[in-house]
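All remarks here apply to the structure that follows.
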Amino acid sequence: MTTILLRDVTESDLPIFFEQQLDPEATAMAAFPSRDRESFMLHWRKIMADESVILKTILFDGQVAGNIVCWETLSEREVGYWIGKEYWGKGIATKALAAFLVLVKTRPLFAHVAKHNIASQRVLEKCGFMFVGEDKYVNPRGGEVEEFVFKLGADESYRLSH
Ligand SMILES: CC(C)(COP(=O)(O)OP(=O)(O)OC[C@H]1O[C@@H](n2cnc3c(N)ncnc32)[C@H](O)[C@@H]1OP(=O)(O)O)[C@@H](O)C(=O)NCCC(=O)NCCS
C-alpha cells in the first residue's frame, strides 16, 4: 500500500519543487507562471522564514511528490498545493490536503482556483470545501485570471469586497 506523509520542508526539497513548477502543463493548470531559479529560491527562503506561513513537503512512498502551503492575506487564510506531474492522478493531492487539514485547524480556510482547473476543484470538493464565489486576479506576468473561490468551515458566506 502506498503512503502519503507530510513533513516540514527542507532546503534539499527546493530544487525538486523548482523543477516541478517549471512544467508548462502545470503552470497552465494553475494559471501561475513558473519562476526562474533565483526568484524561486528567494521566494521560498522568504516564506520558509515567515512564521505565519505553514509549509509541508508531500512524500509519496518516501519521494518528494510536491508541497502544500497555507498563508495569510489581509482578510483570509489561504491554502495552495503543487504536485509534480509524474505523481498526478494517484489521489496524492486529495490525501495530502486531507492530512494538512488535520494539522491546520484554522477555519474558515479559502482556496482560489482558476476556473479551468477542474482537478484542483475536485481536490477541494473531496476535502469538504464549498464553492462560495468568483474572483479575478492579475498574475505576475500580467495575465488576468478568472477564479472560483472555495471555502472550508465557519459558514458559506464570502465577502463581496474582493
Ligand atoms: C491540481 C493537482 C494538485 C491535482 O493533483 P493530483 O494528485 O493529480 O489530484 P488527485 O489525484 O487527488 O485527483 C483529484 C481529482 O481530480 C481529478 N483529476 C486529476 N487530474 C485531472 C485533470 N487533468 N483533469 C480533470 N480532472 C482531473 C481526479 O480524477 C480526481 O477526481 P475524482 O476523484 O473525481 O476522479 C495537480 O494536477 C497539480 O499540482 N497541478 C499543478 C498545480 C496546481 O494546479 N495547483 C493547484 C492550484 S489551485
Side-chain angles (χ1 to χ4, degrees), residues 1-7 9 13-37 39-41 43-44 47 53-73 75-104 106-153 158 162:
M1 203 175 93
T2 54
T3 53
I4 306 288
L5 284 176
L6 301 183
R7 65 149 167 75
V9 174
D13 298 332
L14 301 187
I16 301 170
F17 296 162
F18 171 71
E19 293 295 331
Q20 290 173 343
Q21 61 90 51
L22 286 180
D23 184 84
E25 200 182 335
T27 55
M29 263 173 110
F32 194 86
S34 57
R35 294 182 164 96
D36 63 33
R37 188 177 293 272
S39 42
F40 181 86
M41 293 302 171
H43 172 73
W44 271 81
I47 61 176
V53 180
I54 303 165
L55 313 103
K56 294 286 171 189
T57 293
I58 302 165
L59 294 180
F60 172 72
D61 282 350
Q63 306 288 312
V64 175
N67 62 75
I68 184 160
V69 180
C70 181
W71 69 95
E72 279 171 3
T73 65
S75 54
E76 298 169 356
R77 187 157 266 279
E78 294 269 336
V79 67
Y81 33 79
W82 200 286
I83 307 293
K85 188 150 84 181
E86 66 267 44
Y87 299 100
W88 289 2
K90 300 177 194 294
I92 295 176
T94 306
K95 287 188 189 126
L97 179 58
F100 193 73
L101 295 173
V102 175
L103 295 176
V104 177
T106 312
R107 304 290 184 271
L109 203 52
F110 288 86
H112 284 65
V113 190
K115 287 186 177 176
H116 60 256
N117 194 346
I118 307 298
S120 187
Q121 290 164 38
R122 283 293 298 142
V123 170
L124 292 164
E125 284 165 357
K126 290 204 289 180
C127 289
F129 282 73
M130 308 278 287
F131 166 81
V132 288
E134 299 188 10
D135 202 1
K136 272 183 194 169
Y137 95 111
V138 177
N139 75 22
R141 293 258 166 85
E144 188 171 277
V145 181
E146 298 215 357
E147 303 174 312
F148 290 133
V149 182
F150 285 76
K151 179 180 179 185
L152 179 71
Y158 178 59
H162 289 74

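Ligands are counted one by one from 1 in listed order, and the atoms in each one are counted from 1 as well.
The list of salt bridge (charged side-chain N to carboxylate O under 4.0 Å, His left out) pairs with a residue in residues 23-32, not counting sequence neighbours, reads D23-K85, E25-K85.
Applying the salt bridge (Lys or Arg N to Asp or Glu O under 4.0 Å) test to K56 and every residue at least two apart in sequence or in another chain returns D8. In this view, E86 satisfies the salt bridge (Lys or Arg N to Asp or Glu O under 4.0 Å) rule with no residue, not counting sequence neighbours.
Rounding to the nearest 0.5 angstrom, the gap separating the CD1 atom in I4 from the CD1 atom in I92 is 4.5 Å. Taking NZ of K95 as the reference point, atom CG of L5 lies at 12.0 Å (rounded to 0.5 Å). Separating the CZ atom in F129 from the CD atom in Q121 is a distance of 13.0 Å, to the nearest 0.5 Å.
For ligand 1, residues of the protein lying within 4.0 angstrom by heavy-atom distance are A26, M29, A30, Y81, W82, I83, W88, G89, K90, G91, I92, A93, T94, H112, N117, A119, S120, R122, V123, K126.
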